[in-house]
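Note sheet for the following structure.
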Amino acid sequence: MRCSEFPRPADPDVDTAVGADPALQYALMLLADARLPAGGHVMSAGLEPALAAGVTAEEIPAYLRARMATTMRVDAATAVVARHACETDSDLGPVAHAWAARTPVAALRDIGHVAGRGLYRVFAHIEPVAAARLRPLVRDRMAWRPVVLGALAHALGLAAPQTALLVAYDDVQTVTSAALKLLPLDPLDTLAWSLAARAGVTELVGDTAGLTDAADIPADSAPQLEAWHRAHASADRRLFRA
């Protein structure tokens, strides 16, 4: 049987997001690569405190779905709106304030700042002129990672669907790669979790890619995840920063 005869699931939203331009595909793969020197290796997307609180390996797919409906959706929307602000030469301040307002836990804002600074260093190195517009936010400790990612996506020519897809893929891979360091798992299981998350990612991209105003960023809270992050911030034995 030839490879072309295998059925391929239709997924127009993700297919459109990836696009056909090799230069854009290259930029998307570069930013989605775990080897990007932005400090992502110190993050578990909250999985470490979740496991410490009793979440089991079998429940990790449900954990991913919970993130898709809450924090992942907020971050994707923020990045998309930040990208649009750069495209229209608008102020990024309202976008940064909108993300902060939807992130009430100080520990999570601190994580957003640390992760944002790491990504900003990459941005400033490869696109220094475009990155300059973020300096006021860096100075005020409000260069949150989704805001920086949206600005960087615009600088590299990524469209809104690609930006949302990047945020969602990065979050899923952060969880699954952390799971392999925290639990005795078969890597093929985590691969299956990532593939199973595709439908939710497709829905997330469709819901957030058309947003252009900071006021439209969803405020989907995750109180249990927030509580776990608060506890993790003061833990004296941990593998990941968050």
Side-chain angles (χ1 to χ4, degrees), residues 13-14 17 32 40 43-83 95-116 119 142 144-150 160-161 163-179 182 190 193-194 196-211 213-233 240-242:
D13 290 325
V14 169
M43 303 297 176
S44 74
L47 182 64
E48 185 173 24
L51 294 175
V55 171
T56 65
E58 293 73 21
E59 293 172 321
I60 292 177
Y63 177 81
L64 282 170
R65 291 193 296 272
R67 289 189 63 83
M68 285 182 207
T70 55
T71 56
M72 199 187 301
R73 188 172 297 269
V74 173
D75 285 356
T78 301
V80 166
V81 174
R83 178 205 160 276
V95 186
H97 283 289
W99 185 86
R102 290 156 177 76
T103 310
V105 175
L108 281 170
R109 293 196 301 275
D110 180 57
I111 294 163
H113 165 70
V114 171
L119 188 59
M142 292 191 66
W144 320 116
R145 189 176 190 279
V147 177
V148 179
L149 187 59
T163 303
L165 177 61
L166 173 62
V167 172
Y169 175 83
D170 177 73
D171 198 290
V172 169
Q173 291 302 309
T174 297
V175 171
T176 55
S177 63
L182 294 164
T190 62
W193 297 341
S194 296
R198 185 179 180 184
V201 167
T202 300
E203 181 180 350
L204 185 151
V205 170
D207 289 347
T208 60
L211 301 180
D213 194 297
D216 295 330
I217 296 173
D220 298 310
S221 64
Q224 182 60 79
L225 299 184
E226 293 166 357
W228 288 338
H229 274 290
R230 273 200 304 268
H232 192 66
F240 293 96
R241 174 72 183 261

- Message: Please report the interatomic distance CZ(Arg198) to CD(Glu203), rounded to the nearest 0.5 Å.
- Response: 14.5 Å
- Tyr63 atom OH, over 12 foreign heavy atoms within 6.0 Å: yes
- Task: Answer yes when Arg67 and Asp75 have at least one side-chain N-carboxylate O distance shorter than 4.0 Å, and no when they do not.
- Result: no
- Message: Do Val95 and Pro146 have side chains that approach each other closer than 4.5 Å (heavy atoms only, starting at C-beta)?
- Response: no
- Query: Are the side chains of Trp228 and Val55 in touch, meaning some heavy atoms are under 4.5 Å apart?
  - Reply: yes
- Rounded to the nearest 0.5 Å, how far apart are CZ of Arg102 and NE2 of His97? 12.5 Å
- Item | Distance, nearest 0.5 Å, that separates CD1 of Ile111 from CG of Leu108 | 5.0 Å
- Query: Which distance, rounded to the nearest 0.5 Å, do you find between the CE of Met72 and the OG1 of Thr208?
  - Reply: 11.0 Å
- Do Thr78 and Val147 have side-chain heavy atoms sitting under 4.5 Å apart? yes
- Item | Side chain His232, main chain Phe240, donor-acceptor under 3.5 Å | yes
- Item | Partner set under side chain to side chain donor-acceptor pair (under 3.5 Å) for Ser194, not counting sequence neighbours | Gln173
- Item | Member of Arg241, Arg145, Arg230 meeting the salt bridge (charged side-chain N to carboxylate O under 4.0 Å, His left out) criterion with Asp110 | Arg241
- Do the side chains of Arg109 and Trp144 get nearer than 4.5 Å, heavy atoms only? yes
- Task: Mind checking side chain to side chain donor-acceptor pair (under 3.5 Å) for Asp216 and listing every partner two or more places apart, or none if nothing turns up?
- Result: none
- Note on the structure: Note: Ala222 and Thr71 closest approach over all heavy atoms is CB-CG2, 4.5 Å
- Hey, what do you get for CD (Glu226) to OG1 (Thr70), rounding to the nearest 0.5 Å? 8.5 Å
- Between atom CG of Leu204 and atom CE of Met68, what is the distance when rounded to the nearest 0.5 Å? 8.0 Å
- Message: Can you list everything that forms a side chain to side chain donor-acceptor pair (under 3.5 Å) with Asp220? Sequence neighbours excluded, please.
- Response: none
